[in-house]
Amino acid sequence: MKSKKTRIFSFLVVCYFVCACVDVRTNHRLSLTDKSDKEISILYSNHTDQRLTENNVAYYIADWNITKPDSSSDIVISGGKDAWHYYIEKGRPKKLFIYIFDTDTLRKYNGSYSIDDIVGEHKYLKSLSYSEKDLDKIDWKITFNQ
């Protein structure tokens, strides 16, 4: 019968190897600064002619997706250092589309509209589109000041 220390050590070794096999890289290159007086949330996409997202409105009003006035947040994508490049290239227009929402508007329509409906009805503060070259010019830093 194994001792308690041996079982704990074995468990930790197994955990180490399992975790080492999982590649959980994220790319934080793109950032958003909110210079407005509104609390905002964004949706990004690499296309304009399909359903934009599987996420519902509640996803965009969750605390971790909100950027408060006079603050910045990273727009994160899964993958390594070239994740944004591959994401933009995968879309037919070869652009990154960003929709900026007032979180009060999202809360108002949460449960009655999908995020695609909100975009379709132009209930966002601003829509932006960037080629990879455009993003390089602004050093991958987007500023919203409406």
Side-chain angles (χ1 to χ4, degrees), residues 7-146:
R7 283 183 279 165
I8 292 172
F9 178 75
S10 298
F11 175 75
L12 291 174
V13 168
V14 169
C15 287
Y16 172 79
F17 284 110
V18 168
C19 291
C21 294
V22 177
D23 185 12
V24 186
R25 295 181 293 168
T26 55
N27 184 304
H28 296 263
R29 184 175 187 191
L30 186 58
S31 69
L32 171 71
T33 301
D34 182 2
K35 294 288 187 184
S36 75
D37 60 351
K38 299 176 182 342
E39 186 178 83
I40 61 172
S41 184
I42 64 111
L43 161 68
Y44 67 82
S45 177
N46 60 358
H47 53 80
T48 57
D49 57 348
Q50 303 172 20
R51 182 176 170 94
L52 294 172
T53 181
E54 296 296 321
N55 295 320
N56 59 28
V57 175
Y59 173 85
Y60 297 94
I61 54 177
D63 288 341
W64 60 85
N65 288 322
I66 293 173
T67 305
K68 296 192 180 291
D70 293 320
S71 66
S72 296
S73 60
D74 290 340
I75 303 172
V76 179
I77 189 170
S78 296
K81 68 180 180 89
D82 294 329
W84 281 114
H85 167 75
Y86 293 125
Y87 183 77
I88 292 167
E89 284 298 308
K90 196 167 121 180
R92 193 173 56 171
K94 309 292 186 230
K95 289 190 174 196
L96 179 66
F97 300 92
I98 297 178
Y99 300 91
I100 300 174
F101 304 97
D102 183 335
T103 56
D104 287 341
T105 301
L106 293 179
R107 285 183 185 95
K108 177 180 174 182
Y109 293 110
N110 187 22
S112 57
Y113 281 75
S114 73
I115 199 75
D116 283 330
D117 293 336
I118 292 171
V119 171
E121 302 253 341
H122 303 280
K123 296 185 183 298
Y124 46 81
L125 294 170
K126 195 170 198 177
S127 68
L128 307 165
S129 66
Y130 297 97
S131 67
E132 195 169 351
K133 209 178 260 192
D134 296 334
L135 289 164
D136 284 337
K137 286 179 188 174
I138 61 171
D139 197 27
W140 293 78
K141 293 173 180 24
I142 299 168
T143 301
F144 175 71
N145 53 9
Q146 183 176 24

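Numbers here simply count residues along the sequence, with the first being 1. Just so you know, these numbers use all the heavy atoms, side chains as well, and skip hydrogens, waters and symmetry mates.
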Sequence-distant partners of Y124, side chain to side chain donor-acceptor pair (under 3.5 Å), two or more places apart | H122

Looking at CG of L32 and CD1 of I75, how far apart are the two atoms once the value is rounded to the nearest 0.5 Å?
-> 5.0 Å

Where is the tightest heavy-atom contact between Q146 and S36, given as atom of each residue plus distance?
-> O-CB, 3.6 Å

d(L135 CG, W140 CH2) to nearest 0.5 Å is 4.5 Å

Of all residues at least two apart in sequence or in a different chain, which pass the side chain to side chain donor-acceptor pair (under 3.5 Å) check with H28?
-> T26, D74

Side chain to side chain contact (heavy atoms under 4.5 Å, CB included) partners of Y59, counting only residues at least two apart = N55, N56, W64, N65

With respect to K123, which candidate in I118, I115, L106, D102 satisfies the side chain to side chain contact (heavy atoms under 4.5 Å, CB included) definition?
-> I118

Taking only residues two or more places apart in sequence, or in another chain, which ones meet D82 in a salt bridge (charged side-chain N to carboxylate O under 4.0 Å, His left out)?
-> none

Between atom NZ of K94 and atom NZ of K90, what is the distance when rounded to the nearest 0.5 Å?
-> 11.0 Å

Do K38 and L125 have side chains that get closer than 4.5 Å, going by heavy atoms?
-> yes

Test side chain to side chain contact (heavy atoms under 4.5 Å, CB included), reference F101, set I42, L43, I40, output is L43

Would you mind reporting whether E121 and Y113 have side-chain heavy atoms less than 4.5 Å apart?
-> yes

Sequence neighbours left out, what passes side chain to side chain donor-acceptor pair (under 3.5 Å) with S41? Give chain and number order.
-> none

Listed by chain and number, what are the side chain to side chain donor-acceptor pair (under 3.5 Å) partners of D117, not counting sequence neighbours?
-> S114

Sorted by first residue and then second, give each salt bridge (Lys or Arg N to Asp or Glu O under 4.0 Å) pair with at least one member in residues 125-139; sequence neighbours left out.
-> R29-D136, D139-K141

Return the set of residues passing ring-ring contact (aromatic ring centres under 6.0 Å, His included) with Y44 (not counting sequence neighbours), or none when no residue passes.
-> W84, Y87

Do any N or O atoms from the side chain of N27 and from the backbone of I77 form a donor-acceptor pair under 3.5 angstrom?
-> no

Test S73 against T67 for side chain to side chain donor-acceptor pair (under 3.5 Å), laying out the working first.
-> CA-CA 6 Å; S73 60; T67 305; 2.6 Å; yes

Non-hydrogen atoms of A83 and S78 that approach each other most closely = CB-O, 3.5 Å

Please round to the nearest 0.5 Å and tell me the distance separating atom OG of S127 and atom CD1 of I100.
-> 9.0 Å

How many angstroms lie between NZ in K95 and OG in S129, if you round to the nearest 0.5 Å?
-> 4.5 Å

Listed once per pair and sorted, the salt bridge (Lys or Arg N to Asp or Glu O under 4.0 Å) pairs that draw on residues 58-73, sequence neighbours left out | E39-K68

Can T143 and T33 be counted as having a side-chain donor-acceptor contact under 3.5 angstrom?
-> no

